Amino acid sequence: MDNANTDTQIEESEEKNKLKSKSSRKSALDFRKYTKQIWLAGLGAFSRAEEEGNKLFDSLVKVGEELESKTGDLADNTVGKVTEKAKESVSETKDRVEKILDTSVNHSLNRIGLVTPKDLQHIEQLLVQLHIKVDALIEENQQLKAKLNKK
């Protein structure tokens, strides 16, 4: 019985191998078939996209030309306004940056002991005030001398 079982098992194994072989050939053929269909579908889609794309592009250009002719003046006015606002903004920013730089430079100069233009202006004001006080004292001194000389 061992021979009979072994023969049966061999036959069953051979049949399974044949089925597997047919199945794998069929799978390979199916895979090639689907791959080719996918490739052809891609080519068709590319062709259609190219045709439709050119038509769409041309229609968009036409619409754009019409819109441009309608909105040319509006665009010029808008550009003018935006340009003016940009100039104002740049000017304001420039002024702010100059003030910040002036403050920083003056602070740095003060730290290292150098005199700044603001310091000179302050000293000038103090000198003017001092000159006024000295003149007042001279005047007062002259008046006192005149009173003493009269006595």
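Numbers here are sequence positions counted from 1. Since we're looking at a predicted model, the values are computed, not measured.
Its side chain outside the 4.5 Å cluster rule for every partner, Leu137 clusters with none of the Ile, Leu, Val, Met, Phe, Trp and Tyr residues. Grouped with Leu130 in one hydrophobic cluster are Val134, Ile138, the linkage being side-chain heavy-atom contacts under 4.5 Å among Ile, Leu, Val, Met, Phe, Trp and Tyr residues.
Applying the side-chain contact (heavy atoms from CB on, under 4.5 Å) criterion to Asp95, with sequence neighbours excluded, gives Ser91, Glu98. Under the side-chain contact (heavy atoms from CB on, under 4.5 Å) criterion, Val128 pairs with Ile132, sequence neighbours left out. Looking at residues two or more places apart in sequence or on another chain, you find a side-chain contact (heavy atoms from CB on, under 4.5 Å) between Ile112 and Leu109, Leu114. For the side-chain contact (heavy atoms from CB on, under 4.5 Å) test, no residue two or more places apart in sequence or in another chain qualifies with Val63.
Remark: His122 NE2 to Leu127 CG distance equals 10.0 Å, nearest 0.5 Å.
A distance-only check finds no donor-acceptor pair linking the side chain of Ser89 to the backbone of Lys85 [under 3.5 Å].
No more than 12 heavy-atom neighbours from other residues, nucleotides or ligands sit within 6.0 angstrom of CD on Glu124.
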Side-chain donor-acceptor pairs of residues 139-146 under 3.5 Å, sequence neighbours excluded:
unit_1	atom_1	unit_2	atom_2	d
Glu139	OE2	Gln143	NE2	3.4

